[in-house]
*Asks:* 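Dumping the structure here so I can ask a few things about it.
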2 protein chains.
Amino acid sequence: MSLRHALLGLLVDHPASGYDLLKTFDTSLANVWPATQSQIYGELTKLADAGLIVVSEQGPRGRKEYTLTDPGLAELRRWLTETEPQRTTRSDVLLRVFFLGVLTPQQARDYLDGQAAHAAELHANLKALDDSIDWDDDDLSVYGRIALEYGRRFSAMQRDWARWALTQVKNK
Amino acid sequence: MSLRHALLGLLVDHPASGYDLLKTFDTSLANVWPATQSQIYGELTKLADAGLIVVSEQGPRGRKEYTLTDPGLAELRRWLTETEPQRTTRSDVLLRVFFLGVLTPQQARDYLDGQAAHAAELHANLKALDDSIDWDDDDLSVYGRIALEYGRRFSAMQRDWARWALTQVKNK
DNA sequence: AGCTTACCTTCCACTCTTGACATGTCCAGA
DNA sequence: TCTGGACATGTCAAGAGTGGAAGGTAAGCT
C-alpha cells in the first residue's frame, strides 16, 4: 500500500496531475519506489473515490489536477507515525551470490567485479548529483538530502563489499 | 522470475521436497528472497512441467522429492552468467523519509530513532550468527559467508545513517 | 494550413505475491 | 489408544506490479 501514500506525499506541497506525478516517479522517486503509468492513474482514481484527494482543476487535454484533502493528509500522517515500514526487501544481486558455487571461480569473480563496477558508478553519480544541488535549510532540502545520503552510503557499501568478496573467491 | 531460479539453485546440492524448500525459504533465504508456500508449490509444478526438475522419489504423506535435471542446471547457469540482476528495489523505510516534513521534528526523530534501533539490533543478531557458525572452505561456506557479510555491512550502514540523520533534523 | 511533438488519460492482459483455507498422513508420547 | 504436532500438498481470491496498446487534444513550428 505504499504507492498510495507516496502519491499522497507528493501532493502535499502542490496539486499535480497524473502526468506530473508520473514524471516525478520516473525521475526523483525512481530509485526508491518505481511505479508505472497504469499503476499511478489507477491509484489516483481509487484515492479520489476514497476522498483522500479531489480533482481541483480540469485543464486542457483532459488534464485533471488533484489536490490533497484534509483526510488525505491525516491518512499520510497516520501512515508515517502509526504503521511500521515493511522491511522485507528482495535482492536479486544477493540471491545470485548464494548460487555462484555452480559457476567457475573465474565466472564468479566476473559477476562480483561487475557488481563492484556498477556500485562504484552509481556512487560517483550520486556524489556528482549531491555536489550539483544547492541545499537549503527547508524541509524538502533536509529530508531530500538525508535520502540522498542513504543512496551514497548504500552504493559505497555495495562497492566495498563486492571488492572484498572478490578477494574471498580463491582459484581452485 | 527469480523465485524460479532460487528453487533451481537450492536443488543443486541435493533433492528436496516442496516442504523442505519452504523451510529453507523461511529460514536462510528469508532475508534475501521471501516466498510463501503457495508460491513455492506452484512454481515447482511449473518447473516440473518445463522439465527443469523431475520428481525423483515419492515419500510418505504424498511427499514428492524433486531433483534438478541437466536442462535445469543449464538454465541456472544461463541465468547467472547471461542475465543482469534486477536492481530496482523498493524501500519503504526510505520512501517515508521523503515525507517526514509533514510531521513535527520530534516525530521525525522518533521515526529515525526507531530505524536506528532496528538496524542496530539486526546487526547484533547477524554478528552473533556469524560467530556461531563454523565456516569451512567449501563453496557453500565461502558464498554463504559473503552473503552474510553483505547483511552485516548493510545493517551497519543503515544504523549509522539513521544516527547521522538524527543529527540533521533540527528543532524549529 | 499541415505536421510533428508533447501532453494526458484509460484500458487490458499478464505475472508475481500474499494470506487464508482445505485436506490429509505419519509419528511420538501420555 | 488417542491425540497433538509435525509433515505435506493443493487451491483460491485479491492485490500489486509490468508492459503495452489505444485514443485523443493542444501547442509549436515551418
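Naming convention: chains lettered A, B, ... in sequence-line order (proteins, then strands); numbering from 1 in each chain.
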*Asks:* Using a 4.0 Å cut-off on heavy atoms, which residues in residues 33-43 of chain B reach DNA chain D? List them by number, or say none.
*Replies:*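 Within this stretch, B:Q37, B:S38, B:Y41 sit under 4.0 Å of the strand.
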*Asks:* What is the distance from CG of B:D26 to C1' of C:dT18, rounded to the nearest Å?
*Replies:*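 After rounding, the reported distance stands at 13 Å.
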*Asks:* Calculate the interatomic distance between B:R4 atom CZ and C:dT17 atom P; express it in whole Å.
*Replies:*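 About 13 Å, once rounded to whole Å.
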*Asks:* Salt bridge or not for B:R153 and A:D160, using N-O below 4.0 Å?
*Replies:*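 No.
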*Asks:* Any side-chain N or O of B:R90 below 4.0 angstrom from OP1/OP2 of D:dG17?
*Replies:*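 True: B:R90 side-chain N/O within range (under 4.0 Å) of D:dG17 OP1/OP2.
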*Asks:* For the pair made of CG in A:L44 and P in D:dG17, what is the distance, rounded to whole Å?
*Replies:*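 From A:L44 CG to D:dG17 P: 14 Å.
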*Asks:* Checking one residue: A:M1. Which other hydrophobic residues are in its cluster under the side-chain 4.5 Å linking rule?
*Replies:*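 Listed partners: none, A:M1 stands alone.
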*Asks:* Where along residues 53-69 of chain A does a heavy atom fall under 4.0 Å from DNA chain D?
*Replies:*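 A:P60, A:R61, in order of number.
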*Asks:* Rounded to the nearest angstrom, tell me the gap between atom CG in A:L7 and atom P in D:dG17.
*Replies:*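 Going from CG in A:L7 over to P in D:dG17 covers 11 Å.
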*Asks:* Let me see the working for B:W135 and B:L148 under side-chain contact (heavy atoms from CB on, under 4.5 Å), right down to the final yes or no.
*Replies:* CA-CA 12 Å; B:W135 296 104; B:L148 182 55; 3.6 Å; yes
*Asks:* Counting only side-chain heavy atoms from C-beta out, which of C:dT9, C:dT17, D:dT9 sits nearest to A:S17?
*Replies:*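 Output: C:dT9.
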*Asks:* Using modelled atom types and a 3.5 Å cut-off, is there a donor and acceptor pairing between side-chain atoms of B:S132 and backbone atoms of B:L129?
*Replies:*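 Yes; at least one donor-acceptor contact below 3.5 Å.
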*Asks:* Is there a donor-acceptor pair under 3.5 Å between the side chain of A:W161 and the backbone N or O of B:G151?
*Replies:*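 Absent.
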*Asks:* In whole angstrom, give the distance that lies between atom CG of A:D49 and atom P of C:dT10.
*Replies:*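 The answer, rounded to whole Å, is 11 Å.
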*Asks:* Using whole Å, report how far CE of B:M1 lies from P of D:dG19.
*Replies:*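 Rounding to the nearest Å, CE of B:M1 and P of D:dG19 are 13 Å apart.
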*Asks:* Please check if the side chain of A:R90 supplies one atom and the backbone of B:P34 the other of a donor-acceptor pair under 3.5 Å.
*Replies:*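 Flag set: sc A:R90 to bb B:P34 pair under 3.5 Å.
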*Asks:* Is there a donor-acceptor pair under 3.5 Å between the side chain of B:T67 and the backbone N or O of B:P15?
*Replies:*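 Not a single qualifying donor-acceptor pair exists.
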*Asks:* How long is the line joining CD of B:Q86 and P of C:dC16, in whole Å?
*Replies:*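 About 12 Å, once rounded to whole Å.
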*Asks:* Using the closest heavy atom to pick a nucleotide of DNA chain D for each, name whichever of B:Y19 or B:T88 lands nearer the 5' end.
*Replies:*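 The residue mapped nearer the 5' terminus is B:Y19.
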*Asks:* Spell out, as yes or no, whether a donor-acceptor pair under 3.5 Å connects the side chain of B:S2 to the backbone of A:D92.
*Replies:*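 Not confirmed, B:S2 side chain does not pair with A:D92 backbone.
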*Asks:* Hey, is the main chain of B:S17 close enough, under 3.5 Å, to the side chain of B:D20 for a donor-acceptor pair?
*Replies:*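 Yes, because the side chain of B:D20 sits within donor-acceptor range (under 3.5 Å) of the backbone of B:S17.
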*Asks:* Whole angstrom is fine here: how far is it from CG in A:L22 over to P in C:dA6?
*Replies:*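 Rounded to the whole Å, the gap is 15 Å.
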